[in-house]
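What follows is a set of notes on a single structure, which appears directly below.
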Amino acid sequence: MRPTYMPEILPHREKEISNLASILAPALKGETPSNVFIYGKTGTGKTAVSKFVGRELLEKGKEMGKKVHFIYINCEVVDTHYRVLQNIANHFIQEWADRIPFTGWPTDEVYSKLKQMMDKDGGVTVIILDEVDKLKGDEALYNLSRINSDLEKARVSVVGISNDLKFTEFLDPRVKSSLGEENMVFYPYNAEQLQDILKQRAELALKPDVLKKEVIPLCAALAAQEHGDARRALDLLRISAELAEREGAKKITERHVRMAQNKIEIDRVTEVIRTLPIHSKLVLASIIIGEEEHKKTGLPSMLTTGEVFDTYRELCKKARVESLTQRRIADLISELDMLGIINARTISKGRYGRTREIQTAISKDEIFKILKEEKDDVLNYIVGYKKRGQARLI
DNA sequence: CCTCCACCGGAACGTGAGGAGT
DNA sequence: ACTCCTCACGTTCCGGTGGAGG
C-alpha cells in the first residue's frame with residue numbers, strides 16, 4: 001500500500017495509458033515520438049501511468065528486437081542541469097569505471113559525451129522528467145528539447161511531468177513549444193474510482209475479511225474531498241490498518257480511519273511547525289500565550305494583531321532576540337493562516353479600528369507539545385518561561 | 001452622516017546568502 | 001578566488017478602510 005508500489009493494473013487510467021502509449025508508440029518503429037507534457041494534481045496517477053507505459057514500451061521493444069530505452073528521472077532528487085545530463089549519459093555506460101562522475105566535468109562535455117553515447121547506440125530513448133518544475137534553471141530542458149537535431153541516428157523524446165499548471169509560462173518559448181507538442185491533463189479521481197483503487201490494493205495487502213464494509217468508502221470519500229488524491233486514500237487505508245494492528249483489533253473499522261485521518265493531519269502540522277523559522281514560532285507562541293491570558297481574564301479567545309505583536313515583542317526581549325516590525329509580523333500571521341495553523345480574518349471594530357481576529361486553528365496543547373520538543377535555545381527559554389506560569393505579559 | 005481608530009496591505013528599497021560564470 | 005546576479009527576507013513609508021460612536 002505504499003504509493004511507490006506499482007500494481008499490474010491501474011484502474012480508471014485506461015484512457016490515459018492508451019493515450020500516452022499511442023504517443024510513444026512510434027519509438028517501436030524507430031521513429032521519434034512527440035515530446036509530451038503531463039499535468040495533474042498530486043495522486044492522480046501521473047507517475048504511475050508513465051512508469052507503467054515505460055515498462056510496457058521496454059517489453060514490447062525487447063519482443064520486437066528494437067532498441068528502446070526508458071529513463072525515469074525525478075527532478076526533485078536530480079535537480080541540476082549537470083546531474084540530469086550525467087544521469088542520462090550514465091544509463092548508456094556499462095563500465096563502472098567509465099561512468100561520468102557526480103562532479104568535475106564541464107557541463108557541455110557531459111552533453112557531448114551523451115550525444116556520442118546515444119549515437120553509438122542508435123536507439124530511441126524516452127526520458128521521463130518527473131516533477132520537472134523542481135529543476136533549477138531551464139538549460140537542461142533546452143538541451144534535451146533540441147538534442148534531436150544534434151544527433152545522427154539516435155532519437156530522443158521527453159515526457160515532462162508537473163503538478164503546476166502554470167509551469168510552462170515561465171519557460172523559454174522555444175523550450176515551451178518543443179516540449180509541449182502533446183499535452184495531457186490528469187483529472188482527479190472521484191470517490192467511486194478511489195474505491196476501486198483501494199479495493200484492488202486491499203486485496204493484495206490485507207488478509208480477507210479484515211475490513212469492515214464502511215472502511216473503503218470512507219477512505220475514498222475523505223480522499224475525494226482532498227481533490228481526489230489516490231496517494232492520500234492509500235495512506236489512509238494503510239495507516240488505519242497499522243493502527244488497527246497495533247491495538248490488536250480483529251478488524252479495521254471506521255474509528256481506525258478517523259484516527260488515521262487525525263494522525264495524518266497532526267503529522268502534517270507537526271512537520272510544518274517544526275520547520276517554521278524562529279520568528280514565526282515566536283509569533284505562534286505569542287498567540288498561544290495571548291489565548292491563555294484571555295481565558296484567565298474571561299475575554300473571548302480572539303486576539304488582535306496588536307496584542308499578538310505586543311506579546312511577541314515581550315518574548316523577544318525576554319529571549320534576547322531582536323524583534324521584527326509589526327508590518328512583518330502581519331505577514332507572518334498571514335502565512336500561519338495559510339498553513340492552517342491559525343485562523344485570521346480581518347474585521348472592523350468601528351471606532352476601535354480595523355484589525356484581524358486571530359485564533360489557533362488546532363489544539364493549543366498539540367502546538368505546545370511540538371514547540372516543547374524544540375531544540376532551539378530561544379524556544380526552550382520561552383517554553384520554560386510559560387511553563388513556570390510567568391506568562392503575564394499583556 | 002461624518003469621524004477616526006488601529007490596523008491592512010501595496011510599493012520601493014536594502015541586505016546577505018548562495019549559485020553561475022570565469 | 002573573484003565578480004556578478006538572483007532571490008528570500010525585512011524595513012520604511014504610506015495611502016486605504018469598515019463601521020461604532022458621536
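Here is the naming used below: chain letters follow the sequence lines, and residue numbers restart at 1 for every chain.
- Atom-to-atom, CD1 of A/I329 to P of B/dG9 comes out at 15 Å; the value is rounded to the nearest Å.
- Shown are A/K250, A/K251, A/R255, A/H256; of these, the side-chain hydrogen bond (donor to acceptor under 3.5 Å, both in side chains) with A/T253 is made only by A/H256.
- Taking the centre and axis of the six-membered ring of A/Y72, the NZ or CZ atom of A/K51 falls inside the cone set by 45° and 6.0 Å.
- For A/L303 and B/dA6, the CG to P distance is 17 Å, given to the nearest whole Å.
- With rounding to whole Å, A/R83 atom CZ is found 16 Å from B/dG19 atom C1'.
- Although no hydrogens or angles enter the test, the distance criterion places a donor-acceptor pair under 3.5 Å between the side chain of A/R155 and the main chain of A/N148.
- No donor-acceptor distance shorter than 3.5 angstrom exists from the side chain of A/S280 to the backbone of A/L276, with no hydrogens or angles considered.
- When each of A/D365, A/I273, A/V272 is paired with A/I370, the side chain to side chain contact (heavy atoms under 4.5 Å, CB included) condition holds for A/I273 and for no other.
- Residues A/V110 and A/Q86 approach most closely at CG1-N, 3.7 Å, considering heavy atoms.
- A donor-acceptor contact under 3.5 Å is not formed by the side chain of A/R356 with the base of B/dG9.
- Nucleotides of DNA chain B nearest to A/R327 and A/T304 differ in position, and the one nearer the 5' end is that of A/T304.
- Judged by the 6.0 Å and 45° rule, A/R328 forms no cation-pi pair with A/F309.
- Atom CE of A/M302 and atom P of B/dC7 are 16 Å apart (whole Å).
- Rounded to an integer number of Å, the gap from OH of A/Y312 to P of B/dC7 is 16 Å.
- Within residues 345-354 of chain A, the residues that have a heavy atom under 4.0 Å from DNA chain B are, in order of number, A/T346, A/G350, A/R351, A/Y352, A/G353, A/R354.
- Taken together through direct or relayed side-chain contacts under 4.5 Å among Ile, Leu, Val, Met, Phe, Trp and Tyr, A/M118 and A/I100 form part of one hydrophobic cluster.
- Rounded to a whole Å, the CD atom of A/E322 is 14 Å from the C1' atom of B/dT15.
- A nucleotide of DNA chain C counts as in contact with chain A when one of its atoms lies under 4.0 Å from a heavy atom; the first and last such, 5' to 3', are C/dC9 to C/dG21.
- Here A/T305 does not reach the OP1 or OP2 of B/dA6: none of its side-chain N or O atoms lies under 4.0 Å away.
- The distance from atom CG of A/D337 to atom C1' of B/dC7 is 16 Å, rounded to the nearest whole Å.
- Computed from coordinates, the A/E357 CD to B/dA6 P distance equals 16 Å when rounded to whole Å.
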Which pairs of donor and acceptor atoms, one on a side chain in residues 196-207 of chain A, lie under 3.5 Å apart (sequence neighbours left out)?
residue : atom : partner : partner atom : Å
A/D196  : OD2  : A/H12   : NE2          : 2.6
A/Q200  : NE2  : A/I9    : O            : 2.8

